[in-house]
Number of protein chains: 2
Amino acid sequence: MIKYQEIAWDIRKNILAGKYLSGEQLPLEKEMCKQYGVSRITIKKAVDELVKLGFVIKRRGSGTFVKSIDDEEAKDLSVARQFTGFTETNKGKEIRTEIVKFDIVHPDNEIAAKLQIATDDFVYDIIRVRFADEIPIVIEYTKMPINLIPGIKHDVLLKSIYFYIQCQLKLKIQSAHRSIRAILPNELEQQHLKVAGTFPLLEVEQIAFLDDGRAFEYSISHHRSDQIVFKTVSIRQ
Amino acid sequence: MIKYQEIAWDIRKNILAGKYLSGEQLPLEKEMCKQYGVSRITIKKAVDELVKLGFVIKRRGSGTFVKSIDDEEAKDLSVARQFTGFTETNKGKEIRTEIVKFDIVHPDNEIAAKLQIATDDFVYDIIRVRFADEIPIVIEYTKMPINLIPGIKHDVLLKSIYFYIQCQLKLKIQSAHRSIRAILPNELEQQHLKVAGTFPLLEVEQIAFLDDGRAFEYSISHHRSDQIVFKTVSIRQ
DNA sequence: GAGTGGTCTAGACCACCCC
DNA sequence: GGGTGGTCTAGACCACTCG
């Protein structure tokens, strides 16, 4: 295993176990070098992981300190949401997907630009509704180039497109660029999400990228506001 | 200046200038070492900055590639929103602040826990409305321990609390932990934000931290959905 | 002035990709 | 098998904080 991740995990474990308390100073980097038997750069990389996650802060000239957070916040930081950033209220629930639309079309100018393809290329045009324990959670409008992601069929959409991309096509998803807004549902969405026209939704506009840098998905998701929260940690540079 | 930041800036400049095109491979790390006259770790750190910003991706065994993004997206990545994550539509507009409430109270249990203080400590209890060119943008509910941030008066609230904390008190703001949801306004907010009861708002719940790790602010902001977007780049680990 | 974390070097070996 | 980026070392000097 990778040393710096193991060390980061170990320090994190000590913080959660209360071995290092809120506001307390961590051992010096030099001391940790001896303790774990590694060089200083490795310790630095490990602690930097914890800074990114939001557990500790570092100050040149002073030291490294555990942040003043309560147990609930610490739990939030611990769940693995580094990639998604989302916390949904449907763990362990039964997931079902309903396909509203599944066509192949030419992209308009805007979507061609966002996916960096030509307007005479083809894209899937997909609309799906996701349920957790029969409660509608989100409606997703997805456009994907058929060249990049060939062979999508109904049964793929009923499960997970991402699963298909990674496990069947053996492609790797690298990142997503997102814009988040608050909106109201249109009539179609009121029906599918079973909410009133005055029920607020969280809109997530997203471009997703493969690990060779190509954009493979442009999607807009409208989430029921009672079923989703977006959580994030921002560090000043 | 710091070498890796200068190099990151230079590569970013070349990407924006079209010297490296979408999908194109960057020079190898070894070559860049020669080109810039630095060691490989320094080049690595520079390129990692561009990965974080969303301009490029790296693949072990293959190389580093410019992401397939259009000019608009590239512009988005270029604006300095690494800390805030927000894009507001009020650049160069006249900002005004209205103070709705300004008291000192004891925190309730929840807020005491989030700020890691006792319920018999004191906190400022502030409600403000911010305008851009006389359009109401956001209503902010703020709680701050008076011990950490002493001396706040009306004129501080009319300008910027953050300016006061950093320039007057000489404290440094290190990070913020945020939760984002979609909601509807209550009656007070309908009046202050000049919107109907069915107008969606973006709620941002935030705990902010100083660079010694202490939580100095708990705030809830309700933004008019037509005036704010939250933008973010997520990288899979 | 003593001690902290930040940056940087010159080199090594490893995991992974593609031919 | 040849080449990529990822991890790691053992050391150096620097910028910053604090007494």
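Below, chain A is the first sequence line, B the second, and so on; all start at residue 1.
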(request) Taking side chain to side chain contact (heavy atoms under 4.5 Å, CB included) as the test, write out the residues that go with A/Ala17, two or more places apart. (result) none
(request) Please round to the nearest 0.5 Å and tell me the distance separating atom OH of B/Tyr36 and atom NZ of B/Lys3. (result) 13.5 Å
(request) Report the distance from atom CG of A/Asp48 to atom P of C/dT7, rounded to the nearest whole Å. (result) 9 Å
(request) Within residues 164-176 of chain A, find the residues that approach DNA chain C with a heavy atom at under 4.0 Å, and present them sorted by residue number. (result) A/Lys172
(message) Output the rounded distance in Å from CD (B/Glu31) to C1' (D/dG5).
(response) 13 Å
(request) Using only side-chain N and O atoms of A/Lys44, determine if any of them is under 4.0 Å from OP1 or OP2 of C/dG6. (result) yes
(message) Just the rounded figure in Å: distance from P of C/dG5 to CG of B/Asp212.
(response) 15 Å
(request) Verify the contact: side-chain N or O of B/Tyr4 to OP1 or OP2 of C/dT7, cut-off strictly under 4.0 Å; return yes or no. (result) yes
(request) Using a 4.0 Å heavy-atom cut-off across all strands, classify A/Val47 as base, sugar-phosphate, or nothing. (result) nothing
(request) Please name all residues satisfying salt bridge (charged side-chain N to carboxylate O under 4.0 Å, His left out) with B/Asp212, sequence neighbours left out, ordered by chain then number. (result) B/Arg214
(request) Taking atom types as modelled, find out whether A/Arg236 and B/Ser175 have a side-chain donor-acceptor pair closer than 3.5 angstrom. (result) no
(message) Salt bridge or not between A/Asp125 and A/Lys143? Use side-chain N to carboxylate O under 4.0 Å.
(response) yes
(request) Check the distance between C/dT7's P and B/Gln5's CD and give it to me in whole angstrom. (result) 7 Å
Sequence neighbours excluded and cut-off under 3.5 Å, please list the side-chain donor-acceptor pairs for residues 44-51 of chain A, or say none.
| residue | atom | partner | partner atom | Å |
| --- | --- | --- | --- | --- |
| A/Lys44 | NZ | A/Asp48 | OD2 | 3.2 |
| A/Asp48 | OD1 | A/Lys58 | NZ | 2.7 |
| A/Glu49 | OE2 | A/Lys52 | NZ | 3.4 |

(message) Can you list, in residue-number order, the parts of residues 57-64 of chain B that come under 4.0 Å of DNA chain D, counting heavy atoms only?
(response) B/Lys58, B/Arg59, B/Arg60, B/Gly61, B/Ser62, B/Gly63, B/Thr64
(message) Using heavy-atom distances to pick each residue's nearest nucleotide on DNA chain C, tell me which of B/Arg40 and B/Lys45 is more 5'.
(response) B/Lys45
(request) Starting at atom NZ of B/Lys30, determine the distance to atom P of D/dG6, rounded to an integer number of angstrom. (result) 14 Å
(message) What is the separation between atom CG on A/Asp211 and atom P on D/dG6, rounded to the nearest whole Å?
(response) 12 Å
(request) Look at the side chain of A/Ser39 and decide which nucleotide, out of D/dC8, D/dG5, C/dC8, has an atom nearest to it. (result) D/dC8
(message) On DNA chain D, does the nearest nucleotide to B/Leu26 precede the nearest nucleotide to A/Gly37 from the 5' side, or the other way round? Give the residue.
(response) B/Leu26
(message) With a cut-off of less than 4.0 Å, is there a side-chain N or O of A/Thr42 near OP1 or OP2 of D/dT9?
(response) yes
(request) Rounded to the nearest angstrom, tell me the gap between atom NZ in A/Lys34 and atom P in D/dA10. (result) 14 Å
(message) So B/Ile41, base contact, sugar-phosphate only, or nothing? Heavy-atom distance under 4.0 Å.
(response) base
(message) From CD of A/Glu29 over to P of D/dG11, roughly how many Å is that when rounded to an integer?
(response) 17 Å
(message) I want to check something: taking the side chain as every heavy atom from C-beta on, are B/Tyr162 and B/Ile173 in contact at a cut-off of under 4.5 Å?
(response) yes
(message) I want to check something: taking the side chain as every heavy atom from C-beta on, are B/Thr119 and B/Asp108 in contact at a cut-off of under 4.5 Å?
(response) no
(message) Applying ring pair (Phe, Tyr, Trp, His ring centres under 6.0 Å), can you list everything that pairs with B/Phe230, at least two apart in sequence or on another chain?
(response) A/Phe230, B/Phe86
(message) Just to verify, which of A/Val233, A/Leu16, A/Ile15 counts as forming a side chain to side chain contact (heavy atoms under 4.5 Å, CB included) with A/Leu77?
(response) A/Val233
(request) Kindly say if A/Lys3 contacts the phosphate of D/dG6, meaning a side-chain N or O under 4.0 Å from OP1 or OP2. (result) no
